Amino acid sequence: MSGANTARLERLSGMLKRRGILLPAFEIHGGAKGLYDFGPVGGRLRNRVNQTWLNHWLSLGNIVELSCPTVTPYAVLEASGHVGEFSDFMTMCSACEEASRADTLLEAFHPNPDSLTKADLQALLDNAQPPCPSCNAVEWTEITAQNLMFNTTIGAGRSGRPGFLRPETAQGMFTSFPALYRHNRERLPFGAVQVGKGYRNEISPRQGMIRLREFNMAELEYFINPHEPLKHDFTAWDGHVITLVADEQGEVNMTFSEAVEKNIIRHETVGYFMAKTFDFLTKVGIDAQRLRFRQHEADEMAHYATDCWDAEIHGSYGWIECVGIAHRGCYDLEAHENATGKTLRARREFDKPQVVEIDGWTIDGAKAGPAFRALAGAVKVAVENLPSETHFPLALTLETGDEVMIEQEHVKRDQRTETLSGEWYIPHVVEPAFGIDRIIWHILDHAYDEVGKDGEEYTTLRLSDHVAPVDYCVFPLFEKDGMGELAKSIHAKLCMKPNVVSMYDSSGSIGRRYARADEIGVPRCITVDHQSLEDQTVTVRSRDTGEQHRIHIDKL
RNA sequence: GCGGAUAUGGUGUAGUGGUAACAUAGGAGGUUUCCAACCUCUUGUCGCGGGUUCGACUCCCGCUAUCCGCACCA
């Protein structure tokens, strides 16, 4: 980062604190790392970003909003793979007390040590004896698991169950799949969105809002039928040339249509959500010139994903990943199915019913039951797998390892025709996941405009109307002759309107008040002057142009 | 987690072993016919804990936080 950038970043951070937008949390108690307050102005900004995000997706028509708990039982996150994935196995050097990740130490000794269990890692460490990267000693302590999730206990005393604060909102939406499926009349595609808090106990949070321990996230899970790929129309975006950093081609500039045609974007629905993400980010004020999409390399991608792109935004900290758009396949639903035995599937009907001829053997329960007793179940499975030309008696080795003799009387022919009208499948999921704090940071970064005005630094926050925390400031030119009263009544009227925030300010010169309003990005200021008292008109000043026009109070 | 630097009103800074200053911001009043003007008055500060000392914002130790490297992480 250059010196000029650092200085700008410091002025920006100072302004955000001074104006009540972003502040270190719990500061009077000394603060807490990785935790931030959205202040009296920032709280409203965050809310507007969240609301804009929700509206953006709900407008698609087949998306519903969920709100799931942040406190999550151990089993849920074990099934999703977070207990394993979010654990780092650490070991400490007894000589210099430097902690290291065991899998990193063992990279030279195993093709993929990250995949090993704790016991295997320990065995490999004992065998390989890698030297400490800090001091070259070989004195490793026993491996311990360090989890990046916040632990908690659900319930008290002996009835308490282990749990975590969720590291993402997604799992609640996957575990709600049966309710979502029912709600959507059992027809795909449909989606669920959730805006909420996530928690990661980062070892070392850095860079202000970029890595937090408690963060705001917004995720969409879009459930699709893999047998019927969706067609999307990208012509609406043909006017925009997008910067794509592709896995194979490197940086290319083209429209979404072209990228999908050329199979650079490998999955059309992933491409569709990239385009919709582009719309959202530019709507809330991200500069399109400082936005790009970067494709995950094959080895960077989670093993279940078929295509994965990050939206990266350039700001004071360089290019930062702010949105991840991933095709997650059926991984999550399947994982929860496997862990619970519950069905998380959708039904699809075949175009033509499939007719299956069954010609084989099954057991005669009345004879085989008493004969094989506890083994009868395993015998049934084995017999039903036998070809129709099998002759009995027959000696069989069961899956249990037991050997049995099957007599003719134990079995009977099974000859029938089954008609299958459809099948149950596990839906695939395309997941756009938004880091709201990172996006808000870049909205502020991109909107923060400093100009020399009359030899002085003058700062304006050029926020989009969608997210500006305050819609109007109402000023009396002077607080006398009734101008103050009229301005207050206009302010009160504006505050009554739904979803409108107005501020009244009468202290300092008019120029100072405009400057204060500009600094928190108020798009329009309304000023009551002498003429207002005569003809009930006021001036409306636009933040970005400074231009004023006069309109009647009733038209506000 | 390791190493280095830092911590003074809301913000940006000065300064000292004897209880703190400047600028700016904020409040009240005055003035002013629209973009941080001016005048008067005014509010508010040494990150937390311990030690040394008659006395600590200042020196020492610990903690916490911030910034920069390294490591870690999406």
Side-chain angles (χ1 to χ4, degrees), chain A residues 1 3 6-7 9-20 23-36 39 85-86 88 90 92-93 96-101 103-104 132-135 146 148 167-168 198 200-208 210-213 215 217 294 296 300-302 308 310-312 319-324 326 433 435 438 453-460 473 475-481 483 505-519 525-533 538-543 545-548 550:
Chain A
M1 210 188 298
T6 309
L9 179 57
E10 278 169 12
R11 288 193 302 275
L12 170 56
S13 305
M15 185 281 279
L16 295 175
K17 195 172 172 188
R18 184 160 32 88
R19 291 296 182 199
L23 312 94
F26 312 119
E27 208 182 9
I28 63 167
H29 285 279
K33 215 172 185 180
L35 302 175
Y36 272 82
E85 191 187 325
F86 271 63
D88 286 339
M90 308 294 291
M92 223 170 64
C93 172
C96 68
E97 303 205 322
E98 178 89 7
S100 292
R101 281 181 56 168
D103 57 322
T104 311
C132 171
S134 294
C135 70
Q146 177 173 339
L148 295 176
E168 58 173 39
R200 291 182 194 181
N201 203 357
E202 298 281 357
I203 293 170
S204 177
R206 280 289 173 88
Q207 299 180 302
I210 303 302
R211 267 176 75 197
L212 299 172
R213 287 191 167 132
F215 47 92
M217 60 196 319
R294 196 178 67 81
H296 281 210
E300 181 184 17
M301 213 150 42
C308 191
D310 288 340
E312 298 184 329
W319 285 104
I320 297 291
E321 172 210 338
C322 295
V323 184
R438 290 180 175 191
K453 191 175 180 183
D454 303 329
E456 263 184 278
E457 280 287 288
Y458 191 93
T459 64
T460 307
C473 276
F475 308 141
L477 191 53
F478 308 109
E479 210 169 26
K480 62 177 185 186
D481 301 337
M483 285 185 270
D505 193 355
S506 66
S507 61
S509 72
I510 190 75
R512 179 180 296 262
R513 283 177 269 164
Y514 283 142
R516 276 195 288 248
D518 285 344
E519 201 168 34
C525 293
I526 295 167
T527 302
V528 171
D529 59 10
H530 291 97
Q531 193 182 330
S532 311
L533 300 172
V538 291
T539 63
V540 178
R541 167 193 179 267
S542 139
R543 177 195 66 207
T545 63
E547 283 169 10
Q548 296 185 14
R550 188 166 274 282

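So you know, we letter chains A, B, ... as the sequences are listed, proteins then strands, and number each from 1. These figures come from a predicted structure and were not determined experimentally.
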Please report the distance separating the [atom1] of [N] from the corresponding atom of [M], rounded so that it comes out in whole Å.
N     : M     : atom1 : result
B:A21 : B:C57 : P     : 16 Å
B:A20 : B:G44 : C1'   : 13 Å
B:U13 : B:G17 : C1'   : 23 Å
B:U8  : B:U24 : C1'   : 16 Å
B:U43 : B:U31 : C1'   : 23 Å
B:U16 : B:C61 : C1'   : 22 Å
B:C41 : B:U53 : P     : 45 Å
B:U6  : B:G47 : C1'   : 12 Å

Counting only N and O atoms by type, is there a donor-acceptor contact under 3.5 Å from the side chain of A:R543 to the main-chain atoms of A:D518?
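No, the answer is negative, given that no donor and acceptor are paired below the 3.5 Å cut-off.
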Donor-acceptor check, side chain of A:R513 to backbone of A:D505, threshold 3.5 angstrom: yes or no?
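Checking the backbone N and O of A:D505 against the side chain of A:R513, a donor-acceptor pair under 3.5 Å is found.
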Go through [options] for me and flag the one nearest to the [X] side chain.
X      : options             : value
A:D529 : B:C72, B:A25, B:C34 : B:C34
A:S507 : B:U33, B:C35, B:G27 : B:G27
A:K480 : B:U32, B:A36, B:C34 : B:U32
A:S509 : B:A37, B:C35, B:U33 : B:A37
A:R512 : B:G27, B:A37, B:C34 : B:A37

Nearest-nucleotide wise, let me know which of A:V528 and A:D505 is further upstream toward the 5' end of RNA chain B.
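Closer to the 5' end of RNA chain B: A:D505.
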5' precedence on RNA chain B between A:G34 and A:G508 (nearest-nucleotide basis)
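Taking each residue's closest nucleotide, the earlier one in sequence belongs to A:G508.
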Any salt bridge linking A:R550 with A:D529? Criterion: basic side-chain nitrogen under 4.0 Å from a carboxylate oxygen.
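Looking at A:D529 together with A:R550, the answer is yes, because their closest N to O distance falls below 4.0 Å.
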Pairing pattern in dot-bracket form [Watson-Crick, G-U; both distances under 3.5 Å; | = partner strand] for RNA chain B:
(((((((..((((....[..)))).(((((.......)))))....(((((..]....))))))))))))....
What does the list of N/O pairs under 3.5 Å between the protein and nucleotides 5-11 of chain B look like, with a distance for each?
{"residue": "B:U11", "atom": "OP1", "partner": "A:K17", "partner atom": "NZ", "Å": "2.9"}

Is there a side-chain polar atom (N or O) of A:R513 under 4.0 Å from OP1 or OP2 of B:C34?
no
Starting at atom NZ of A:K33, determine the distance to atom C1' of B:G1, rounded to an integer number of angstrom.
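The answer, rounded to whole Å, is 9 Å.
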